[in-house]
Amino acid sequence: QVQLVESAGGSVQPGGSLRLSCQASGGASSINTWAWFRQPPGKEREFVVAIRRGDGSTNYADAAKGRFTISRDRIKNTVHLQMNNLNTLDTAVYYCAGTSRSWIVSAMPRSEGYDYWGQGTLVTVSS
């Protein structure tokens, strides 16, 4: 059974950077689309970014464009999320997600399209 484990989040000041990682195990080579979602305090979970394992196609939410970068390591079955210029609105629990399906770019933001989820890691942006 596939398991996704996120790296620890943390607390950063506005304008700071943070890198999250998510490693898959137990059949991890079957993951063909990776994604990051987040859930801000008191709000619903929202899409952040996704990447297709094969060709590296990506889809970024507007809030992430220009500040966040997703990358994947196909050998290590790991995906990374580099977050720069963080602001208080980025405070959330971040979830890694994966699926064996290779979603087209337009379908990547749909949370119901992912079969595997990490436990979530808290990112706090505060001065």
Side-chain angles (χ1 to χ4, degrees):
Q1 183 175 349
V2 176
Q3 292 185 323
L4 303 181
V5 179
E6 296 117 341
S7 60
S11 295
V12 296
Q13 293 185 338
S17 298
L18 198 63
R19 187 182 193 229
L20 302 179
S21 297
C22 176
Q23 185 164 24
S25 61
S29 60
S30 65
I31 294 180
N32 290 306
T33 307
W34 296 83
W36 288 94
F37 289 77
R38 68 185 184 184
Q39 186 166 16
K43 297 184 179 181
E44 294 185 352
R45 185 171 56 192
E46 61 187 26
F47 171 75
V48 177
V49 61
I51 187 169
R52 200 156 57 207
R53 178 177 180 267
D55 62 5
S57 294
T58 58
N59 186 325
Y60 286 85
D62 288 343
K65 289 178 181 177
R67 301 187 301 126
F68 294 5
T69 303
I70 190 171
S71 60
R72 88 275 191 223
D73 185 328
R74 287 181 286 182
I75 295 176
K76 295 183 179 179
N77 294 316
T78 300
V79 64
H80 305 286
L81 179 63
Q82 178 66 43
M83 302 185 291
N84 298 327
N85 194 22
L86 287 161
N87 59 59
T88 57
L89 295 177
D90 296 315
T91 294
V93 177
Y94 284 73
Y95 296 91
C96 174
T99 177
S100 60
R101 289 162 284 190
S102 290
W103 287 123
I104 58 174
V105 171
S106 61
M108 288 180 177
R110 299 172 57 214
S111 62
E112 59 268 30
Y114 296 89
D115 305 302
Y116 313 113
W117 292 83
Q119 78 282 2
T121 187
L122 178 62
V123 172
T124 303
V125 184
S126 173
S127 56

Can you find a side-chain donor-acceptor pair between Thr78 and Asp73 that sits under 3.5 Å? no
Report yes or no: do Ser21 and His80 form a side-chain donor-acceptor pair below 3.5 Å? yes
Between Asn32 and Ser100 (side chain of the first, backbone of the second, donor and acceptor by atom type, cut-off under 3.5 Å), is there such a pair? yes
Glu112 atom CD, over 12 foreign heavy atoms within 6.0 Å: yes
Looking only at heavy atoms, which two atoms of [X] and [Y] are closest? And how far apart?
X: Tyr114; Y: Ala50; result: OH-CB, 3.7 Å
X: Ser102; Y: Arg52; result: CB-CD, 3.9 Å
X: Phe68; Y: Tyr60; result: O-CE2, 3.0 Å
X: Pro14; Y: Ser127; result: CD-N, 3.7 Å
X: Gly113; Y: Trp103; result: O-NE1, 2.8 Å

Considering only heavy atoms from C-beta outward, does the side chain of [X] approach that of [Y] to under 4.5 Å?
X: Val123; Y: Leu18; answer: yes
X: Tyr116; Y: Thr99; answer: no
X: Thr58; Y: Met108; answer: no
X: Gln119; Y: Tyr95; answer: no

Take Tyr94 and Met83, measure what side chain to side chain contact (heavy atoms under 4.5 Å, CB included) needs, and give me the verdict at the end. CA-CA 12 Å; Tyr94 284 73; Met83 302 185 291; 3.8 Å; yes
If you measure from [atom1] on [X] to [atom2] on [Y], what distance do you get to the nearest 0.5 Å?
X: Arg45; Y: Ser111; atom1: CZ; atom2: OG; answer: 5.0 Å
X: Lys65; Y: Arg67; atom1: NZ; atom2: CZ; answer: 12.5 Å
X: Lys43; Y: Thr91; atom1: NZ; atom2: OG1; answer: 10.5 Å
X: Arg38; Y: Asp90; atom1: CZ; atom2: CG; answer: 4.5 Å
X: Asn87; Y: Asn85; atom1: CG; atom2: CG; answer: 7.0 Å
X: Gln1; Y: Ser25; atom1: CD; atom2: OG; answer: 9.5 Å

Is it possible for you to say whether Val93 and Trp34 belong to one hydrophobic cluster, with membership spreading through side-chain heavy-atom contacts below 4.5 Å? no
Linking I/L/V/M/F/W/Y whenever their side-chain heavy atoms sit closer than 4.5 Å, directly or via other members, would Val125 and Val48 fall into one cluster? yes
Does the ring centre of Trp117 sit less than 6.0 Å away from the ring centre of Phe37? yes
Using the rule given for side chain to side chain contact (heavy atoms under 4.5 Å, CB included), can you reason through Thr124 versus Leu122, listing the C-alpha separation, both sets of side-chain angles and the distance that settles it, and then say yes or no? CA-CA 6 Å; Thr124 303; Leu122 178 62; 3.7 Å; yes
What residue among Thr33, Val105, Ile70, Val49 forms side chain to side chain contact (heavy atoms under 4.5 Å, CB included) with Asn59? Val105
Option among Ile31, Asn77, Val79 that satisfies the side chain to side chain contact (heavy atoms under 4.5 Å, CB included) test with Leu4: Ile31
Checking one residue: Ile75. Which other hydrophobic residues are in its cluster under the side-chain 4.5 Å linking rule? none
Report the C-alpha separation of Ser71 and Gln82 in whole Å, then their side-chain angles, then the decisive distance to 0.1 Å, and conclude whether the side chain to side chain contact (heavy atoms under 4.5 Å, CB included) test is met. CA-CA 8 Å; Ser71 60; Gln82 178 66 43; over 6 Å; no
